Enquirer: 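Following this message is one structure expressed as structure tokens.
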Amino acid sequence: MRRIKKIFPALLAFVILCSSSSALAISLSSKGGFVLNANTYEEVYSYNGDTPMVPASMTKVMSLYVIYDAMAKGAVTKDTQIPISPQLAAYSRDPGYSNVYLSSGATYSLDELLSAIVVVSANAAVMAVGDYLFGSEANFVSRMNQFVSDWGLNAWFADCTGVSSQNRISPRSMATLANRLIADYPDVLNYSSQTSINFRGTGYSSTNKMLPGRQFDYTGTQGLKTGTTSAAGCCFTGTVERDGVRLISVIMGAPATNIRYTDSIKMLDYSFAKIAETQKNPEIPSPTPEDIANQSTVAISDATRIFINDCEIPAYISRGSVQKDLVMIDDLVNYGFDISYDQKTNTVTVYNNRDKEINAYGHMDEKAFFEPYNAPFRQLWSQAMAKLSRMAAHL
């Protein structure tokens with residue numbers, strides 16, 4: 001039996017593979033997607049989740065937060081009457097933009113305009129509120145970006161409507177923003193859950209097709225915001241609650257209107273199933289550094305053998321009193337395979353290299369292995385082993 005020489009790279013490769021598993025579990029047609037567990041604030045699924053993209057009218061989620069913040073501070077109430085300028089009245093009738101018709105010189109309650117912003121994605125309505133609160137759209141957008149900066153989001157906004165192709169936000173940050181809006185101001189769901197509104201005698205349907213009774217009706221859907229421009233493609237941020245679990249889903253850069261919904265459903269189905277499985281198999285408590293130090297040897301399980309492309313690789317170990325087999329993937333320099341990790345797409349690729357030697361693992365004295373390294377490295381080892389233990393619960 002040979003002594004283990006490359007166990008730490010093995011752990012790193014294994015952790016990378018595990019973190020990529022969600023992205024490999026389903027296939028999306030969109031450029032990016034993300035699912036956030038609103039209960040735990042944890043990522044459930046990510047595909048290009050940290051890549052900034054054009055959000056289109058999902059920008060209005062940030063605009064809505066600023067408006068609700070102003071209400072919370074007493075600057076306006078839902079009964080406040082918002083005046084409409086001739087310019088905005090004309091803009092509201094431009095067929096090239098999403099709007100409800102507004103009349104020049106008329107006033108509309110903030111409640112009316114909120115329903116138009118959330119349900120119909122009305123551009124002139126959100127601009128009118130911004131002008132009323134901050135004097136100009138530029139000042140409104142400045143306040144939006146101040147929140148972005150304060151929260152550390154991977155985002156920047158050029159306007160309050162989402163028309164600009166310069167707006168940028170990552171799917172992860174979009175989910176974080178939507179979750180913050182719902183958590184701080186859940187009243188927004190009273191608007192986003194509506195399938196249609198009557199705006200001064202004219203009926204408008206919600207742009208969200210996953211609401212009850214719509215084409216892509218998805219149980220538990222309560223909103224939140226769509227977006228479509230030529231630069232952004234088709235986008236959708238949704239919120240779904242089932243059995244006390246709320247998920248925030250984000251799709252960006254879908255090639256067609258309906259694909260944003262089918263991709264969202266793929267992510268949500270996967271995420272609810274993943275959470276249900278985790279609840280059936282709770283995580284093993286993380287071992288302390290002392291626990292690691294007291295378990296000095298790693299023995300190979302003779303009961304399990306692993307083959308890839310007809311080549312056997314060492315993959316299962318049992319350690320100490322942990323009654324689980326732990327999957328390990330070596331850095332594969334000397335074990336018959338090459339491995340590469342693409343950080344941009346969050347994928348691991350493994351392929352056979354028959355020019356490389358194939359060896360079996362032996363055992364390792366952890367205390368001897370740790371001796372040359374300092375405390376931070378030992379802590380990193382502990383964290384890696386803890387993750388391996390948690391993954392073993394699913395084997």
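Residue numbers run from 1 in the order of the sequence given. All values below were derived from every heavy atom in this structure, side-chain atoms included, with hydrogens, water molecules and symmetry-related copies excluded. In this text the structure is predicted, and so the values were computed from the model without any measurement.
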Enquirer: Hey, quick one: are Phe34 and Leu247 part of the same hydrophobic cluster, counting side-chain heavy atoms closer than 4.5 Å, chains of contacts allowed?
Expert: no

Enquirer: Can you name the nearest heavy-atom pair linking Ala75 to Leu133, along with the distance?
Expert: CB-CD2, 4.4 Å

Enquirer: Scan for salt bridge (Lys or Arg N to Asp or Glu O under 4.0 Å) pairs involving residues 46-68, sequence neighbours excluded, and state none if there are none.
Expert: Asp50-Arg172

Enquirer: May I ask you to test the Ile182-Arg246 pair for a side-chain heavy-atom distance under 4.5 Å?
Expert: yes

Enquirer: Donor-acceptor pair, distance only, cut-off 3.5 Å: does the side chain of Arg260 make one with the backbone of Cys235?
Expert: yes

Enquirer: Please check this pair: side chain of Tyr65 against backbone of Tyr185, looking for a donor-acceptor N/O pair closer than 3.5 Å.
Expert: no

Enquirer: Is there a path of hydrophobic side-chain contacts, each under 4.5 Å between heavy atoms of I/L/V/M/F/W/Y residues, joining Val250 to Ile275?
Expert: no

Enquirer: With side chains defined as the heavy atoms from C-beta onward, is the minimum distance between Lys31 and Met252 less than 4.5 Å?
Expert: no

Enquirer: Atom OG of Ser249 and atom CG of Asp263: how far apart are they, to the nearest 0.5 Å?
Expert: 10.5 Å

Enquirer: Is the backbone N or O of Ala138 less than 3.5 Å from a side-chain atom of Ser142, with the two atoms forming a donor-acceptor pair by type?
Expert: no

Enquirer: Please step through side chain to side chain contact (heavy atoms under 4.5 Å, CB included) for the pair Met210 and Ile265, ending with a clear verdict.
Expert: CA-CA 9 Å; Met210 284 177 59; Ile265 290 171; 4.0 Å; yes

Enquirer: Given the rule in the side chain to side chain contact (heavy atoms under 4.5 Å, CB included) test, do Tyr41 and Thr176 qualify, once you have shown the distances and angles that lead to the verdict?
Expert: CA-CA 8 Å; Tyr41 304 99; Thr176 302; over 6 Å; no

Enquirer: Could you tell me whether a side-chain N or O of Asn208 sits under 3.5 Å from a main-chain N or O of Val119, the two making a donor and an acceptor?
Expert: no

Enquirer: Is there side-chain contact between Lys225 and Ser121, with heavy atoms separated by less than 4.5 Å?
Expert: yes

Enquirer: If you take all heavy atoms of Ala116 and Phe199, which pair is closest and at what distance?
Expert: CB-CE1, 4.1 Å

Enquirer: Looking only at non-hydrogen atoms, find the nearest pair between Pro212 and Thr195 and report the distance.
Expert: O-CG2, 3.5 Å

Enquirer: Would you please test Arg93 and Ser103 for side chain to side chain contact (heavy atoms under 4.5 Å, CB included) and show each step?
Expert: CA-CA 10 Å; Arg93 286 167 169 75; Ser103 298; 4.0 Å; yes

Enquirer: Calculate, to the nearest 0.5 Å, the distance between atoms OG and CG belonging to Ser115 and Leu110 respectively.
Expert: 9.5 Å

Enquirer: Are Val245 and Val35 connected, step by step, through hydrophobic side chains (Ile, Leu, Val, Met, Phe, Trp, Tyr) whose heavy atoms are closer than 4.5 Å?
Expert: yes

Enquirer: Applying a strict under-4.5 Å side-chain criterion to I, L, V, M, F, W and Y, I'd like to know whether Tyr45 and Leu268 cluster together.
Expert: yes

Enquirer: Would you mind reporting whether Tyr97 and Thr161 have side-chain heavy atoms less than 4.5 Å apart?
Expert: no

Enquirer: Would Ile251 and Tyr47 count as a side chain to side chain contact (heavy atoms under 4.5 Å, CB included) here? Give the steps.
Expert: CA-CA 9 Å; Ile251 280 293; Tyr47 173 64; over 6 Å; no

Enquirer: Output yes when a side-chain donor or acceptor of Lys209 lies under 3.5 Å from a complementary backbone atom of Asn258, and no otherwise.
Expert: no

Enquirer: Hydrophobic clustering (ILVMFWY, side-chain heavy atoms < 4.5 Å, transitive) - are Leu102 and Val118 grouped together?
Expert: yes

Enquirer: Decide if atom OH of Tyr101 counts as having more than 12 heavy atoms of other residues, nucleotides or ligands within a radius under 6.0 Å.
Expert: no

Enquirer: State which residues pass salt bridge (Lys or Arg N to Asp or Glu O under 4.0 Å) with Asp187; sequence neighbours excluded, sorted by chain then number.
Expert: Lys78

Enquirer: Would you confirm whether Asn145, through its side chain, and Trp156, through its main-chain N or O, come within 3.5 Å as a donor-acceptor pair?
Expert: no

Enquirer: Ignoring hydrogens and angles, tell me if any N or O in the side chain of Ser149 forms a donor-acceptor pair with the backbone of Gln146 under 3.5 Å.
Expert: no

Enquirer: Is it true that the NZ or CZ of Arg242 lies under 6.0 Å from the centre of Phe272's six-membered ring and within 45 degrees of the ring axis?
Expert: yes

Enquirer: Step through the shown structure and confirm whether more than 12 heavy atoms of other residues, nucleotides or ligands are within 6.0 Å of CG on Asp243.
Expert: no

Enquirer: Taking the side chain as every heavy atom from C-beta outward, state whether Val100 and Thr202 have any pair of such atoms under 4.5 Å apart.
Expert: no

Enquirer: Quick one: does any side-chain atom of Asn167 pair with a main-chain N or O of Ala158 as donor and acceptor, under 3.5 Å?
Expert: yes

Enquirer: Considering only residues two or more places apart or on different chains, which pairs with a residue in residues 206-229 satisfy ring-ring contact (aromatic ring centres under 6.0 Å, His included)?
Expert: Phe216-Tyr261

Enquirer: Please give me the minimum heavy-atom distance between Thr229 and Ala56, naming the atom from each residue.
Expert: CG2-CB, 3.8 Å

Enquirer: Out of curiosity, Ile82 CD1 to Ser109 OG, how far, rounded to the nearest 0.5 Å?
Expert: 8.5 Å

Enquirer: For Ala124 and Leu88, which heavy atoms make the closest approach, and how far apart are they?
Expert: CB-O, 3.8 Å

Enquirer: Indicate the atoms forming the closest heavy-atom contact of Val141 with Phe157, along with that distance.
Expert: CG1-O, 3.3 Å

Enquirer: Any chance you could measure Thr77, atom OG1, to Gln81, atom CD, to the nearest 0.5 Å?
Expert: 9.0 Å

Enquirer: Would you say the side-chain atoms of Asp217 pair up with the backbone N or O of Gly213, donor to acceptor, closer than 3.5 Å?
Expert: yes

Enquirer: If you measure only the distance, is there a donor-acceptor pair under 3.5 Å linking the side chains of Tyr91 and Asn99?
Expert: no

Enquirer: Hey, could you give me the OG/CD1 distance between Ser206 and Ile197, rounded to the nearest 0.5 Å?
Expert: 9.0 Å

Enquirer: Flag the pair Met144 / Ser63 as yes when at least one side-chain heavy-atom distance between them is below 4.5 Å, and no otherwise.
Expert: yes

Enquirer: When you measure from the side chain of Ser173 to the backbone of Asn154, do you find a donor-acceptor pair of N or O atoms at a distance under 3.5 Å?
Expert: yes

Enquirer: Side-chain contact test, heavy atoms from C-beta onward, threshold under 4.5 Å: evaluate it for Phe236 versus Thr257 and give yes or no.
Expert: no

Enquirer: Arg214 versus Thr221: any side-chain heavy-atom pair under 4.5 Å?
Expert: no

Enquirer: When rounded to the nearest 0.5 angstrom, what is the spacing between CG in Leu177 and CZ in Phe147?
Expert: 10.5 Å

